[in-house]
**Student:** 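Structure in structure tokens, see below.
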There are 2 protein chains.
Amino acid sequence: MGSKEEAVPVPPWRKTRKPAQIRRQLSQDLIVETGLRVLDAEGLDALSMRRVAQELDTGPASLYAHVANKEELLELVYDRVLGEIRLPERDPSRWKDQLRAYSLEVYRVLNRHADVARAALANIPTGENSLRAGEFVYGLLLEAGMPPGNAALCLDRLSLYLIGDAYEGSVHVSRLRASEMTSPEEYFTAFATQIAGYYRTLPRERFPYLVGHIDDLIAADGEERFRFGLELMLDGIESRMP
Amino acid sequence: MGSKEEAVPVPPWRKTRKPAQIRRQLSQDLIVETGLRVLDAEGLDALSMRRVAQELDTGPASLYAHVANKEELLELVYDRVLGEIRLPERDPSRWKDQLRAYSLEVYRVLNRHADVARAALANIPTGENSLRAGEFVYGLLLEAGMPPGNAALCLDRLSLYLIGDAYEGSVHVSRLRASEMTSPEEYFTAFATQIAGYYRTLPRERFPYLVGHIDDLIAADGEERFRFGLELMLDGIESRMP
DNA sequence: ACCTGAACACCGTTCAAGT
DNA sequence: ACCTGAACACCGTTCAAGT
């Protein structure tokens with residue numbers, strides 16, 4: 001009879017293959033969750049079907065029972081992230097403030113999961129949470145009195161701006177990841193001085209304005225740029241509000 | 001002695017390897033040109049180092065003598081495309097018209113090489129032609145009287161808008177390519193009716209505004225959307241012009 | 001300096017076979 | 001219905017060897 005001692009560890013040369021009856025309990029949610037974890041930790045380039053499967057202790061083929069293909073997985077991950085967007089009660093009398101707050105909320109959510117924007121722009125989102133956000137913005141513009149056609153265009157262009165900016169930001173995040181730097185600030189200053197150094201080597205007679213204003217060109221950081229562009233759009237929208 | 005007849009075709013079982021002396025005459029320009037050709041014909045997904053090498057009748061390793069890696073190749077292809085942008089003489093008294101015309105020119109050039117935008121947004125362009133375009137816009141804004149800091153932000157945001165829109169367009173082009181449709185118009189109507197059909201299945205009580213205005217939401221095509229967003233930005237810029 | 005074949009360490013997806 | 005191993009047809013990049 002065996003003793004009641006602690007179980008002996010499995011010897012390393014034994015391939016501890018679980019019996020076929022104990023199957024992995026996969027599910028779409030689990031796969032999406034795992035995908036997001038890989039995305040957050042190591043970026044879009046690391047997010048492969050094989051990698052997600054590995055993380056779930058199975059082979060890549062197993063995923064295809066729950067997800068049509070990689071594109072669908074990315075869409076699902078993206079919509080999961082959009083679920084983090086918190087929306088207030090609509091108040092059309094304060095439409096501009098609310099649109100600004102909404103945009104900053106999206107900015108923060110997308111930047112929290114840097115690389116997800118790289119997946120977003122490549123697809124036409126029709127997920128639950130994407131619709132929720134769209135309904136909020138579109139409803140706000142209509143209730144504030146904008147004609148439906150113009151409101152549709154405003155929604156479309158604002159969304160493009162939010163995702164486009166996040167995409168650009170994600171490029172920097174993946175460069176930060178690739179470099180050995182730790183803080184975003186360190187990366188930002190390193191990047192800015194690198195650009196500035198390059199600009200200083202340019203022929204002044206061909207690019208007088210760029211070379212002459214290097215410091216102005218690299219002054220603003222990502223969030224300042226985002227806010228400036230956002231105000232450009234909001235002012236443009238305002239001037240089309242009856 | 002051999003006859004003077006027509007040369008006999010090479011038998012298919014003979015591997016007609018050219019003698020090692022006749023080396024391929026590669027060059028960076030040739031590689032970039034070939035890359036662009038593949039991109040235009042079959043899209044970004046088809047543009048691989050191996051494919052370009054194949055097109056040039058050589059192995060993928062040969063490219064690395066002229067190009068650091070795939071990223072550099074994409075940057076070079078992108079800047080080659082930007083070289084097609086034609087710029088007028090700057091006339092600051094007509095800055096808004098000129099900025100509009102410039103934007104439409106960029107729109108057309110980027111859409112002519114659909115997928116190149118997908119390569120652009122992923123990199124920080126420092127090429128010759130990218131600088132040329134930047135100098136034009138920045139100089140125009142400065143000469144029109146805008147303070148350097150604001151002009152830098154306007155340049156940055158306008159560029160993001162142009163590339164972001166082109167990127168979005170390229171997604172549709174690659175879907176058009178994947179489908180069996182021939183004309184962009186056919187694709188656009190198919191896409192619009194598909195979206196409309198999907199929206200009609202949504203629960204009305206949760207998304208009243210979106211479901212209630214389906215036709216307004218899908219009415220505008222790509223260029224209309226682009227122009228609307230452009231005017232939003234130009235108006236915003238104008239209101240910051242002293 | 002430029003070019004090459006072979007190799008390395010990866011991909012997404014399919015398919016027949018299992019439960 | 002769900003899961004699996006093996007295979008297919010691809011990737012980008014490196015490296016030692018050639019000229």
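Owing to the predicted nature of the structure, the values given are computational and were not obtained by experimental measurement. Just so we're on the same page: letters track the sequence lines, and every chain starts at 1.
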**Student:** Can you confirm if the aromatic rings of A:Tyr161 and B:Tyr161 lie within a centre distance of less than 6.0 Å?
**Tutor:** no

**Student:** Which protein N or O atoms sit under 3.5 Å from an N or O of nucleotides 10-13 of chain C?
**Tutor:**
unit_1: C:dC11; atom_1: OP1; unit_2: A:Ser48; atom_2: OG; d: 3.2
unit_1: C:dG12; atom_1: OP1; unit_2: A:Met49; atom_2: N; d: 3.2
unit_1: C:dG12; atom_1: OP1; unit_2: A:Lys70; atom_2: NZ; d: 3.1
unit_1: C:dG12; atom_1: OP2; unit_2: A:Met49; atom_2: N; d: 3.0
unit_1: C:dG12; atom_1: OP2; unit_2: A:Arg50; atom_2: N; d: 3.3
unit_1: C:dG12; atom_1: N7; unit_2: A:Arg50; atom_2: NH1; d: 2.5
unit_1: C:dG12; atom_1: O6; unit_2: A:Arg50; atom_2: NH1; d: 2.7
unit_1: C:dT13; atom_1: OP2; unit_2: A:Tyr64; atom_2: OH; d: 2.7
unit_1: C:dT13; atom_1: OP2; unit_2: A:Lys70; atom_2: N; d: 3.0
unit_1: C:dT13; atom_1: O5'; unit_2: A:Tyr64; atom_2: OH; d: 3.3

**Student:** Return the value, rounded to whole Å, for the distance between atom CG of B:Leu63 and atom P of D:dT14.
**Tutor:** 13 Å

**Student:** Taking the side chain as everything from C-beta on, heavy atoms only, tell me whether B:Tyr107 gets closer than 4.5 Å to B:Ser103.
**Tutor:**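 No - every pair of side-chain heavy atoms lies 4.5 Å or more apart.
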
**Student:** Looking at B:Tyr167 versus A:Tyr167, is the centre-to-centre ring distance below 6.0 Å?
**Tutor:** yes

**Student:** Could you check whether any side-chain heavy atom of A:Val109 comes within less than 4.5 Å of a side-chain heavy atom of A:Val106, counting everything from C-beta outward?
**Tutor:**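 No, every pair of side-chain atoms sits at 4.5 Å or beyond.
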
**Student:** Rounded to whole angstrom units, what separation is found between the CD atom of A:Gln25 and the P atom of C:dT19?
**Tutor:**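 Rounded to the whole Å, the gap is 18 Å.
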
**Student:** Take atom P in C:dA9 and the same atom in D:dC10, then report the distance between them in whole Å.
**Tutor:** 22 Å

**Student:** Within the 4.5 Å heavy-atom criterion, are A:Ser130 and A:Thr126 side-chain neighbours or not?
**Tutor:** no

**Student:** Kindly indicate whether the side chain of A:Glu75, heavy atoms from C-beta on, has any atom under 4.5 Å from the side chain of A:Arg80.
**Tutor:** no

**Student:** May I ask you to evaluate whether A:Thr58 reaches the phosphate of D:dT4, defined as a side-chain N or O under 4.0 Å from OP1 or OP2?
**Tutor:**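 Checking A:Thr58 against D:dT4: at least one side-chain N or O falls below 4.0 Å of OP1 or OP2.
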
**Student:** Requiring both pairing distances under 3.5 angstrom, list the stems that contain DNA chain C and are made of three or more consecutive Watson-Crick or G-U pairs.
**Tutor:** C:4-8 with D:12-16, C:12-16 with D:4-8

**Student:** Just by distance, do the side chain of B:Asp115 and the backbone of B:Arg118 share a donor-acceptor pair under 3.5 Å?
**Tutor:**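 Side chain of B:Asp115 to backbone of B:Arg118: no pair is present.
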
**Student:** How long is the line joining CG of B:Leu56 and P of C:dT4, in whole Å?
**Tutor:** 10 Å

**Student:** Taking 4.0 Å as the cut-off, does a side-chain nitrogen or oxygen of A:His66 come that near to OP1 or OP2 on D:dA1?
**Tutor:** no

**Student:** Rounded to the nearest Å, what distance is computed from the CD atom of residue A:Gln28 to the C1' atom of nucleotide D:dA1?
**Tutor:**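 After rounding, the gap between these two atoms is 15 Å.
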
**Student:** Taking side chain as C-beta onward, heavy atoms only, is A:Leu230 less than 4.5 Å from A:Asp165?
**Tutor:**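 The answer is no, as the side chains (C-beta and beyond) never meet within the 4.5 Å cut-off.
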
